[in-house]
Amino acid sequence: MKGKIIKLTGGFYYVISDDTVYETRARGLFRNEDKKPLVGDIVEFKMQSNLGYIENIYPRKNVLKRPTVANVDQVLIVIPTKDPMYNLNLVDKIIASYEDEVEILIAINKYDLDKKEAEYLFETYRKAGFKTFLISYKYTFTVDLLREYLKGKTTALSGVSAAGKSTIISHILKKDVQIGDVSEKTKRGTHTTRHVEIISGDDDTYVFDTPGFSSFELDIKADELKEYFRELEKNRENCKFQDCRHINEPGCAIKKLVEEGEIPQSRYNSYVQIYNELKEKERV
């Protein structure tokens, strides 16, 4: 039988095949080959009584590292307008981690809580070159528009805890998904999702419901960071020096575009801050 792994928990893999979900285990041969099935994998499995065994993993289109999932068409990064307050440095680290791996969409969620702030975030990421959405579950037409971009694809949602990922999935797929809330003490989100799971909808639409996080470390060299900021990479040829880092070099076209408002100031600030963090880590 052939199917797609949609959930991993407690060592059991849950595989959907012809609209039926089967509980399976991985054969020992995968351990011997140092190969592990991932959520999102297309697999061959065989049922024995009430338990199935995965016998083959089909070639993967891609693998995302955080969360570790396979065969993803796109990532939807969810930024809450408030409750909890967004952290653009963290958001830009997340974006950089996916930049060369998969298509990226940005959703500015809870925009009804502060429309001015939401529009600022929307313009920031739209100008940076991302397909960006303003959404709120209180305005169903905003979710309907986003749903069209997720239809027929496998999408991984990414963002801080309580950004509203589970709420979005509930409205996109029209299914009840457990919702977290914001801690009154810390004003940070509580972790609702404790495992990696694909939730399926109509029209071959799959969404990864993944754990939120409050910190993120990039595993790249500081001098490579500019390649992971698309608006910097797009305009780098206009710089005076070919190896310009866009920090203190004279004749830097990027800094000029920031001054002119063509490149969002917050994106450039994130770039500089992350660059310095990576440089500091390299010195240790």
Side-chain angles (χ1 to χ4, degrees), residues 1-78 94 97-105 150-159 161 165-166 168-170 172-173 175-178 180 191-213 215-220:
M1 298 174 69
K2 185 177 180 180
K4 183 185 186 96
I5 298 176
I6 60 169
K7 182 179 178 181
L8 165 60
T9 183
F12 289 94
Y13 298 88
Y14 294 86
V15 181
I16 188 168
S17 178
D18 294 330
D19 295 325
T20 300
V21 177
Y22 299 89
E23 187 177 64
T24 71
R25 288 274 200 180
R27 287 287 189 192
L29 63 91
F30 293 113
R31 289 192 295 273
N32 298 334
E33 297 175 358
D34 195 26
K35 190 176 182 181
K36 182 181 179 182
L38 300 174
V39 172
D41 272 333
I42 306 300
V43 298
E44 196 75 34
F45 68 102
K46 184 178 291 184
M47 293 301 297
Q48 294 181 2
S49 299
N50 294 324
L51 184 65
Y53 289 90
I54 296 172
E55 300 186 321
N56 182 46
I57 301 172
Y58 286 86
R60 293 163 175 158
K61 177 168 68 174
N62 54 30
V63 176
L64 300 187
K65 294 179 182 178
R66 184 171 180 177
T68 306
V69 292
N71 301 316
V72 180
D73 294 312
Q74 57 192 11
V75 169
L76 177 66
I77 297 175
V78 182
I94 297 169
S97 73
Y98 292 125
E99 186 62 78
D100 66 342
E101 296 185 25
V102 68
E103 183 71 22
I104 298 171
L105 306 176
L150 273 57
K151 186 180 294 184
K153 296 180 180 179
T154 298
T155 305
L157 268 67
S158 184
S161 302
K165 301 187 298 295
S166 297
I168 290 171
I169 293 174
S170 295
I172 290 290
L173 301 181
K175 291 184 176 182
D176 289 331
V177 177
Q178 184 183 0
H191 295 271
T192 301
T193 309
R194 305 185 186 279
H195 57 268
V196 179
E197 179 179 0
I198 293 179
I199 303 174
S200 60
D202 298 329
D203 304 312
D204 291 324
T205 300
Y206 295 93
V207 180
F208 284 99
D209 187 17
T210 60
F213 43 82
S215 63
F216 199 95
E217 294 296 327
L218 280 175
D219 187 24
I220 60 176

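In what follows, residues are counted from 1 in the order of the sequence shown.
Pairing each heavy atom of Lys4 with each of Thr154, the nearest pair is NZ-OG1, 3.4 Å. The shortest non-hydrogen separation linking Val75 to Thr155 is C-CG2, 4.4 Å. The heavy-atom pair separating Ser158 from Tyr98 by the smallest distance is OG-OH, 3.5 Å. Residues Val39 and Lys7 come closest through the heavy atom pair CG2-C, 4.0 Å. Shown here for Pro37 and Tyr13, the closest heavy-atom pair between the two residues is O-CE2, 3.5 Å. Summarising the geometry of Met1 relative to Ser17, their closest heavy-atom pair is CE-OG, 4.4 Å, with the distance given to 0.1 Å.
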>> Run the side chain to side chain contact (heavy atoms under 4.5 Å, CB included) test on Ile198 and Val207 for me, step by step, so that the C-alpha distance in whole Å, both residues' side-chain angles and the decisive distance to 0.1 Å come before the verdict.
In response: CA-CA 5 Å; Ile198 293 179; Val207 180; over 6 Å; no

> Step by step, would you call Ile77 with Leu105 a side chain to side chain contact (heavy atoms under 4.5 Å, CB included)?
Replying inline: CA-CA 6 Å; Ile77 297 175; Leu105 306 176; over 6 Å; no

>> Walk me through whether Tyr53 and Lys46 qualify under side chain to side chain contact (heavy atoms under 4.5 Å, CB included).
In response: CA-CA 5 Å; Tyr53 289 90; Lys46 184 178 291 184; 5.6 Å; no

> Tyr58 and Lys2: side chain to side chain contact (heavy atoms under 4.5 Å, CB included), yes or no, with the steps?
Replying inline: CA-CA 10 Å; Tyr58 286 86; Lys2 185 177 180 180; 4.0 Å; yes

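Between Tyr22 and Leu51 the shortest side-chain heavy-atom distance does not fall below 4.5 Å. Two residues are said to be in side-chain contact when any heavy atoms from C-beta on lie closer than 4.5 Å; Val69 and Leu38 fail this criterion. Counting only heavy atoms from C-beta outward, the side chains of Ile168 and Val78 approach each other to under 4.5 Å. Between Ser200 and Ile6 the shortest side-chain heavy-atom distance does not fall below 4.5 Å.
Separation of atoms CG (Leu64) and OG1 (Thr68) is listed at 8.5 Å; rounding is to 0.5 Å. Taking CD1 of Ile169 as the start and OG1 of Thr205 as the end, the distance is 12.0 Å to the nearest 0.5 Å. With rounding to the nearest 0.5 angstrom, the CG atom of Leu76 is 11.5 Å from the CD atom of Glu103. Atom OG1 of residue Thr9 and atom OH of residue Tyr14 lie 6.5 Å apart, to the nearest 0.5 angstrom.
Ion pairing between Arg60 and Asp41 holds under the 4.0 Å rule for side-chain N and carboxylate O. A salt bridge links Glu55 to Arg27: at least one charged side-chain nitrogen sits closer than 4.0 Å to a carboxylate oxygen. Asp73 has a carboxylate O that lies under 4.0 Å from a charged side-chain N of Lys61, or vice versa, which qualifies the two as a salt bridge.
No more than 12 heavy atoms of other residues, nucleotides or ligands sit less than 6.0 Å from atom CG of Asp219.
Results of the side chain to side chain contact (heavy atoms under 4.5 Å, CB included) test with Ile5 over Ile42, Thr24, Ile54 single out Ile54 as the only residue that passes.
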